[in-house]
Number of protein chains: 2
Amino acid sequence: MNRMKKTRPLTPLELALLGLIHQDDRTGYDLCKIFETTPMGHYSSSPGAIYPALKRLEGRGLLSASVEKVGSMRPRKVYSLTPKGLEALKAWVTREVSHDDLVWRLDELLLRFSFMGQLVDRAVATGFLRRLAEGTAALIQGLEDHHRTMGDEHLPAGALPTGRLALEHGIGAYRNLMEWARRSLQQLEPPPNEEQRHG
Amino acid sequence: MNRMKKTRPLTPLELALLGLIHQDDRTGYDLCKIFETTPMGHYSSSPGAIYPALKRLEGRGLLSASVEKVGSMRPRKVYSLTPKGLEALKAWVTREVSHDDLVWRLDELLLRFSFMGQLVDRAVATGFLRRLAEGTAALIQGLEDHHRTMGDEHLPAGALPTGRLALEHGIGAYRNLMEWARRSLQQLEPPPNEEQRHG
DNA sequence: AAAAACATGTAAGCTGTTACATGATTGG
DNA sequence: CCAATCATGTAACAGCTTACATGTTTTT
């Protein structure tokens, strides 16, 4: 049985760190650079958050550190995933795509997907995209209903309909998401196999 | 001169509260409900954050509260903006649209825009959208360059190109944003004035 | 020689989360 | 009468931000 001390769930930052370290063993400094310079930086940044998070993950046994000392360089701690860390990462990326994920944590979903490449097989990744496309379609329905019943009539005279326009952006964003999921699905689907056709 | 004690910048939650209270005077409970049930809930939620934030804003003189007691009901504190609060809200929504805003705080930009309707005139709102469209166009350029130089060749054998696909979603999202800004711009532009054509 | 980048970390302060406390009013 | 909703809060805790400390290696 899995009888542990009741583990606190990992924070988004910790999960992002696991994913990045799984792609490639990295040092704290490497990770700081990535968060500073790439869109990944949504998940916070800066030594003050990253180094303590790495320590927490090491304490939990999800990461292991090995001190490297190339030539006369200052020693660097290179982190890599332990089997337990790999398991935790896999559990996260393969979590069910919930309604709440789509509404409140869209960028976490995209991060999960981008880490999937080296973690799961085609079937799991396409399943993720299918669930995402379904859920998004339902959401769009709801938003469009809301939009239809939201005329500009009740606006104070002279006020601009910026609220309605912002909602339209939201609808467009989800439509873009759905179409992307469907396009990506086609790209990930196994290419028509010539051998098979002949065999 | 503006010689104050060096005011800490307002948090996103505090700014969201100012905007919502400006739309309509509200109680803490009203605000909790809004965050619970609408996409606005990105900006946190739950009494534990909202009530203290309201108190902070009152302490700063940005909000004023009046206790209402309709019939035998439990007294409710209804908040409204002070002139200083209105000023702070206006300063926020009319802030320059920076590159960092587009990359790291897109939803804050949309929130600012949605609050603009009752705060600024057409010229300011369209200026905002123009800056947003410009900035986004530049961003898309950069992302597409990155995308072009990012082949799938270096991927480990068998790995799926989910990272590249996720990037494609990001590009699509910014494209959607830019097109939305341009459509909205047309909707906000003063309608062709018949009088003028005849005059 | 100086500045910038490499590299790791700590400390104070504040905000947000979760959970709880309290009590009135309304609906079934 | 019991549950749900209205309504306002507090307390413990944990994480993130900002700022600082420290020392090395590379670049200018």
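We name chains A, B, ... by the order of the sequence lines, and we start the count at 1 in each one.
As rounded to whole Å, 17 Å separates atom C1' of D:dC6 from atom CZ of B:R26. Between B:K77 atom NZ and D:dG9 atom P there is a gap of 4 Å when expressed in whole angstrom units. Counting to the nearest Å, the C1' atom of C:dG16 and the CG atom of A:L13 are 16 Å from each other. Taking atom CD1 of B:I50 as the reference point, atom P of C:dG16 lies 10 Å away to the nearest angstrom. Put simply, CD on B:E68 is 16 Å from P on D:dC6, counting in whole angstrom units. When rounded to the nearest whole Å, the span between CZ of A:R76 and P of C:dG9 equals 13 Å. Counting to the nearest Å, the C1' atom of D:dA7 and the CD atom of B:E36 are 13 Å from each other. Summarising the geometry, the separation between CH2 on B:W104 and P on D:dT17 is reported as 12 Å, rounded to the nearest angstrom.
Closest to the A:Y51 side chain, of the nucleotides D:dC6, D:dG15, C:dG9, is C:dG9. Picking from C:dA7, D:dC16, C:dC6 the nucleotide with the shortest atom distance to the side chain of A:A49 gives D:dC16. Counting only heavy atoms from C-beta on, B:R8 has its side chain closest to C:dT15 among C:dG16, C:dT15, D:dT8.
Within 4.0 Å of B:G28, counting heavy atoms only, lie sugar-phosphate atoms of the nucleic acid but no base atom.
Taking the six-membered ring where the residue is Trp, the centroids of B:W180 and B:Y174 are separated by 6.0 Å or more.
The phosphate of C:dG16 has OP1 or OP2 within less than 4.0 Å of a side-chain N or O from B:R56. Within the 4.0 Å cut-off from OP1 or OP2 of D:dC16, not a single side-chain nitrogen or oxygen of A:S46 is found. Residue B:T27 places at least one side-chain N or O under 4.0 Å from the OP1 or OP2 atom of D:dT8. When the side-chain nitrogen and oxygen atoms of B:Y29 are compared with OP1 and OP2 of D:dC6, one or more of them lie within a distance under 4.0 Å. One finds a side-chain N or O of B:K55 lying less than 4.0 angstrom from the OP1 or OP2 phosphate oxygen of D:dT10.
Put simply, the side chain of B:E144 reaches to within 4.5 Å of the side chain of B:R148, judged on heavy atoms.
Comment: A:R131 engages A:E134 in a salt bridge, judged by a side-chain N to carboxylate O separation of less than 4.0 angstrom. Salt-bridge annotation for A:R130 and A:E189: present, with a side-chain N of the basic residue lying under 4.0 Å from a carboxylate O of the acidic one. Note on B:R175 versus B:E168: no salt bridge recorded, every NZ/NE/NH1/NH2 to OD/OE distance being 4.0 Å or above.
Residues A:E14 and A:P47 both approach DNA chain D. Their nearest nucleotides, taken by heavy-atom distance, put A:E14 toward the 5′ side. Both A:P12 and B:C32 lie near DNA chain D, and the one whose nearest nucleotide falls closer to the 5' end is B:C32.
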